Amino acid sequence: MDASFDKKYQPKETEEKIYHDWEISGFFSPENTRKDNNGKAFTAVMAPPNITGNLHMGHALENALVDVIVRKKRMEGFRVLWVPGTDHAGIATQNVVEKKLAKENIKRKDLGRSLFVNKVWEWKEQYGNIILGQFKKLGISVDWTRSRFTLDENYKEAVKTAFDHYQKLGWIYQGQRLVNWCPRCSTALSDLEVEYSEEEGNLWYIKYSLKDSDNYVVVATTRPETMLGDTAVAVNPSDKRYKKLIGKTLVLPIIGREIPLIADKIIDKDFGTGAVKVTPAHSLIDFEIAERHSLSSVKIINEFGRMTEEVGKDFKDLKTIEAREKVLEQLKKENLLEKIEKHTHSVSHCYRCNAYIEPLTSSQWFLKMNKLAPLAIKAVRDGKIRFYPKRWEKPYFNWLENIRDWCISRQIWWGHELPIKNSEDVLDTWFSSALWPFAILGWPQKCKSIANDKKCLTPQDDLGEFYPTDLVTSAPEILYLWITRMIFSGIEFMGKEPFKNVYIHPVVLTKDGRRMSKSLGTGIDPLDLIEKYGADATRFGLLWLTGTNQSIRFNEDSVVMGQKFCNKIWNATRFILLNNPPQIDADFEKKLVQTDLDEDDKAIIDQLKNTIKSVSLYVEKFRFNKATETLYNFFWHDFCDTYIEKSKDKVFNPPSEEIKIKTQSILLYVLFDSIKLLHPFIPFITEQIYQALPIKNKEKFIMIEKWPTV
RNA sequence: GGGCACUUAGCUCAGUUGGUUAGAGCGUCUGGUUUACAUCCAGAAGGUCAUAGGUUCGAAUCCUAUAGUGCCCACCA
């Protein structure tokens, strides 16, 4: 027995070394693993973490469970490929570096574009790979030799090729459109990058007088300052109160502009007064109304969140909030403010910096969705791509069926430059992430033949071998941002869906059901758990909680349970090895047929076979809680509490030497199969035990052992 | 406004297609253990399965409604 077999299992002493041994062994790469499953490939797509990030609970859960699948597949003889990498995360990274520079009193604009981008690269070199090192602590079996970054040189070519392709098809256009604008980041954002929060504000009722009349119409608004940009007032065509007035002219207060009273059925009769001011340059609904009625548009707020010269010198350059005060003051003076009501409404924020979004018209680049969205819809409808759990299909379809064109330009400096001339803009980060499943495999370089429109006709090497991939796993929050876009991109450029299965894993919440967030102080750092309990216990704890619900409340008890379970496995191994069992063959089970088995032996072998069947099935169905529970009950109760206890007499006071040897052999054999089954879940301890077992013809590592079958 | 999920023991949760006394871990209580493990073993207490109806021989499980919790999408002029 190995002297290192202490009474207590000490994960800290060994995990790092084991991981290092795996990594240098080359077995994380598909070309080095066993090839006894007809050389079939199995590919998993990692969601590349942001280079600004730190490992959080969501990463830990997601990668732990993909690792379970991937390790099992590898043991089953698939050529497994799981490519790691990082995402340049345009806005997020730019903000982080800006903040860092601010501490040194350096402003981005003072540096200028190229110096700033250099600073970001420096930052990336220094901190950008920290998160991947944290991923290693979890024990995930990814192929580091193929690691990618969404802004590396080959990736730039992929992005350029994709953009050119879309442009050639006429699917990319530049347009003066209403976009979500973040004044703090000074960039446009896509609809998905806007978050909403309920806030209490006011509803101001303002009188707009009819031209050449003492009569007036009252409109209600939450943003009185935008009235300076009104070009119409709209009512519902069926609204009796206003029917006679439709088509008449109103005079915009303060400005004096003559604007029409129009009818549009989008207007809700029951809100406010039923009459709505129309500000096409600063509201999406108004923008659409203006398009339908050919209204003019007056841009009164600029990209810095200040009033433009369109509003006259009294208001020019004021911040919107200052303009609001001044507008209200003047309206009061002219007795045009009818009343003020308290009003709760949802306000849009930038998802990166939380600043208020200022909707405004701006010249941006868009990718048409009318051809691409249907591709993604069809792939799932036809069953080419399956969602687990299936309920995610509904929101997926719903989103794609109501999609707007994708605003792909961003007015920041860190990102893929727009491959066209005369633009300072960069592309939305997600434009590059959308290409991830095939870009990481070598597209477009590894297309031997490629059609004029840049479709890959004959993929070579990795692209030929590992595309389409088998599995992508993600949090629900990036279903639209990432999953949908990978699907239509993959079909468009490769002619095939990028993956067969999409597993949407639950969101990890705190024990009392709150969001885990660093800023709220509710986050639990998985690295602390790994430090305290070991990576195996942490993985076990998370997997134990991963059922079919859309969220899980994280409870440290389950990690403690994992820790105890590891200790139990450790000590069962100690017991078995302590009594110097005879060496057995790796395929010992074949001999069992000829062996004289007693009731206890038959029972444990039966239970083992059931466990093999169940665990295999549960992993295939993403039922990680059931898989871990099955293993836990089998090993702890069936094996330890029952079989091992009963074996003691047969080993210590054997009726015959034969029975002693048989019992010891079965103990060793069941342990051997158990740690193989447990390995995908708790890879470190099982590897360590494997190395100590007296088994003939072992592999070099348990990670390339054969997965038990019945 | 639309969609999804959840409500089971003090706490965190399991309960495949409806079928014997509803399970686990933690916590509590009782007892045990001279060599695998006190991070252990044996056992106990503790649940009107959110509420109200319905379907059924039979419902935690299926249906309807109600209440509460959480998430997502749309949007609030």
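In the text below, chain A, chain B and the rest are named by the order of the sequence lines, each starting its count at 1. The shown structure was predicted, so the numbers you read here are calculated from the model rather than taken from an experiment.
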Under 3.5 Å side-chain donor-acceptor pair for A:Asn549 and A:Ser551: no
Contacts of type salt bridge (Lys or Arg N to Asp or Glu O under 4.0 Å), residue A:Asp405, not counting sequence neighbours: none
Pairwise P distance, B:rG27 and B:rC40 [rounded to whole Å]: 9 Å
Polar side-chain contact A:Glu645-B:rA42 base: donor and acceptor under 3.5 Å: no
Side-chain donor/acceptor contact of A:Lys394 with base of B:rC4 under 3.5 Å: no
Sugar-phosphate, base or nothing in reach of A:Cys640, heavy atoms under 4.0 Å: base
Donor-acceptor pair under 3.5 Å, A:Lys648 side chain vs B:rA36 base: yes
Within the 6.0 Å centroid threshold, strictly below: A:His349 and A:Tyr196: no
Below 4.0 Å: OP1/OP2 of B:rC40 and any side-chain N or O of A:Lys7: no
Any A:Trp636 side-chain nitrogen or oxygen under 4.0 Å from OP1 or OP2 of B:rC37: no
Rounded distance in Å between the C1' positions of B:rG10 and B:rA45: 12 Å
Sugar-phosphate only, base, or nothing, as touched by A:Asn633 at under 4.0 Å among non-hydrogen atoms: nothing
Side-chain donor-acceptor pair present, A:Asn625, A:Thr546, cut-off under 3.5 Å: no
Parallel, tilted or perpendicular, as decided by the 30° and 60° cut-offs, for the rings of A:Phe672 and A:Tyr690: parallel
Contact under 4.0 Å: A:Arg553 side-chain N or O vs B:rA14 OP1/OP2: no
Strand RNA chain B in bracket notation, Watson-Crick/G-U under 3.5 Å with | for pairs to another chain: (((((((..((((.....[...)))).((((((....).))))).....(((((..]....))))))))))))....
